[in-house]
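Here's the structure, in structure tokens; my notes come after.
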Amino acid sequence: MEENLKIPAHVALILDGNGRWAKKRGLPRQLGHKKGCETLEQVVEDAARLGIRYLTVYGFSTENWKRPEEEVGALMRLLLQYFTSEIDELNEKNVRIRILGDIDGMPGGLEKQKDALHAAIRRTHENTGLQLNIALNYGGQQEIIRAAQKLAEHVANGDMEPEDIDRKAFESELYTAGLPDVDFLIRTSGEMRLSNFLLYQLAYAEFYQTDTLWPDFDRHAYDEALLAYAKRNRRFGGV
Ligand code: IPE
Ligand code: IPE
Ligand code: MG
């Protein structure tokens, strides 16, 4: 990677294509997810090295529960594995973990996962390095509706007037409260859609897509994406 390159402060990732990666090799989809997890570990490590401040990763959407039970089970096992085997190393690297989404609204039978997520948040809370946000049981529309409900409660309780609802108040009720807007969104595997990810926060993000399937998203692919970002001319509606 070249020195002095313009690095986005907040990168969001829709890591897609694990299933197709496995299918191409005649392997079960689960193995694609396993390989995808390894790719994620590398990408997180590189983000810290490159000076990215916030990395927000789409791990599991509110719609992903529609997948076959066997695949959901495998993903939940991987999630637990990631949060138990990686947490020491992430903590040592000064990474702060935050979860975006409805952890407690995950189906029953996932108590171990929920405990591991809460433990990781607590344990890394004071870390000052890379902030790793993992979107789990996350939906962008649900997040916006939830914020509207919370604001309505404040108004109903008399703590707030309707005209006090401005960007700042609204953003403080999103899962991403306190985070800056996304600068750069990467989606792998060639799909050109948002799939209900960060609908509010992506307002002025630069969008990058690559046909590379997520498990193949190596350092070279990452560098290529960041190089593309460095060449973008962001105008935010100006000239
Ligand atoms: C992304 O890979 C991982 C998750 C959604 C959890 P997919 O599982 O969506 O892989 P494809 O899109 O079917 O290839
Ligand atoms: C988006 O990928 C969700 C995650 C990466 C976790 P999907 O594979 O679920 O999205 P669609 O179904 O192709 O839109
Ligand atoms: Mg997919």
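Hydrogens, waters and symmetry mates play no part in the numbers below; they use all other heavy atoms, side chains included.
- Under the 6.0 Å distance and 45° angle rule, Arg25 counts as a cation-pi partner of Trp21.
- The structure places CG of Leu40 at 11.5 Å from CD of Glu45, a figure rounded to the nearest 0.5 Å.
- Rounded to the nearest 0.5 Å, atoms CG (Asn133) and OH (Tyr138) are 11.0 Å apart.
- In this structure, Ala169 and Met160 approach most closely via the heavy-atom pair CB-CE, 3.6 Å.
- When all heavy atoms of Ile97 and Phe83 are compared, the closest pair comes out as CG2-CE2, 4.0 Å.
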Would you tabulate the side-chain donor-acceptor contacts of residues 110-122 under 3.5 Å, counting partners in other chains and residues two or more places apart, or write 'none'?
from   : atom 1 : to     : atom 2 : distance (Å)
Gln113 : NE2    : Met76  : O      : 3.0
Lys114 : NZ     : Met106 : O      : 3.0
His118 : NE2    : Asp104 : OD1    : 3.1

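- A tilted orientation is assigned to the rings of Tyr229 and Phe184, their planes being inclined by 30° to 60°.
- Checked against side-chain contact (heavy atoms from CB on, under 4.5 Å), Thr176 has the following partners two or more places apart in sequence or in another chain: Leu100, Glu143, Leu174, Leu179, Leu198, Gln201.
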Practice task
Would you check, one step at a time, whether the test side chain to side chain contact (heavy atoms under 4.5 Å, CB included) holds for Leu151 with Glu173?
Solution key: CA-CA 8 Å; Leu151 291 166; Glu173 299 295 354; 3.9 Å; yes
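- Annotation for Arg187 and Arg193: closest pair NH1-O, 2.6 Å, computed over non-hydrogen atoms.
- Put simply, CG on Leu194 and CG on Leu185 are 6.5 Å apart, with the number rounded to the nearest 0.5 Å.
- Summarising the geometry, atom NZ belonging to Lys35 is positioned 6.0 Å from atom CG belonging to Asp216; distances are rounded to the nearest 0.5 Å.
- In summary, Lys93 and Glu89 engage in a salt bridge, as defined by a charged side-chain N under 4.0 Å from a carboxylate O.
- Between Leu5 and Ala230, the closest heavy-atom pair is CG-CB, 3.7 Å.
- The backbone N or O of Gly139 lies less than 3.5 Å from no partner atom in the side chain of Ser61, so there is not a single donor-acceptor pair.
- A side-chain N or O of Ser189 and one of Arg20 form a donor-acceptor pair less than 3.5 Å apart.
- Salt bridge present: Arg234 and Asp183 bring a charged side-chain N and a carboxylate O closer than 4.0 Å.
- His33 pairs by the ring-ring contact (aromatic ring centres under 6.0 Å, His included) definition with nothing, not counting sequence neighbours.
- Across every non-hydrogen atom of Pro28 and Ala22, the tightest pair is O-CB, 3.3 Å.
- Within the 6.0 Å centre-distance limit, the rings of Tyr200 and Phe170 are counted as a close aromatic pair.
- Residues Arg67 and Arg29 are in side-chain contact: their nearest non-hydrogen atoms beyond the backbone lie under 4.5 Å apart.
- The distance between the ring centers of Phe217 and Tyr222 falls below 6.0 angstrom.
- Environment of CD in Glu70: sparse, with no more than 12 heavy atoms of neighbouring residues, nucleotides or ligands closer than 6.0 Å.
- Across all non-hydrogen atoms, the minimal contact from His10 to Thr56 is NE2-OG1, 2.7 Å.
- Taking CG from Asn64 and CG from Asn137, the interatomic distance works out to 9.5 Å, rounded to the nearest 0.5 Å.
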Practice task
Please test Asp88 against Arg123 for salt bridge (charged side-chain N to carboxylate O under 4.0 Å, His left out), starting from the C-alpha separation and ending with a verdict.
Solution key: CA-CA 10 Å; Asp88 285 339; Arg123 185 157 163 213; 2.8 Å; yes
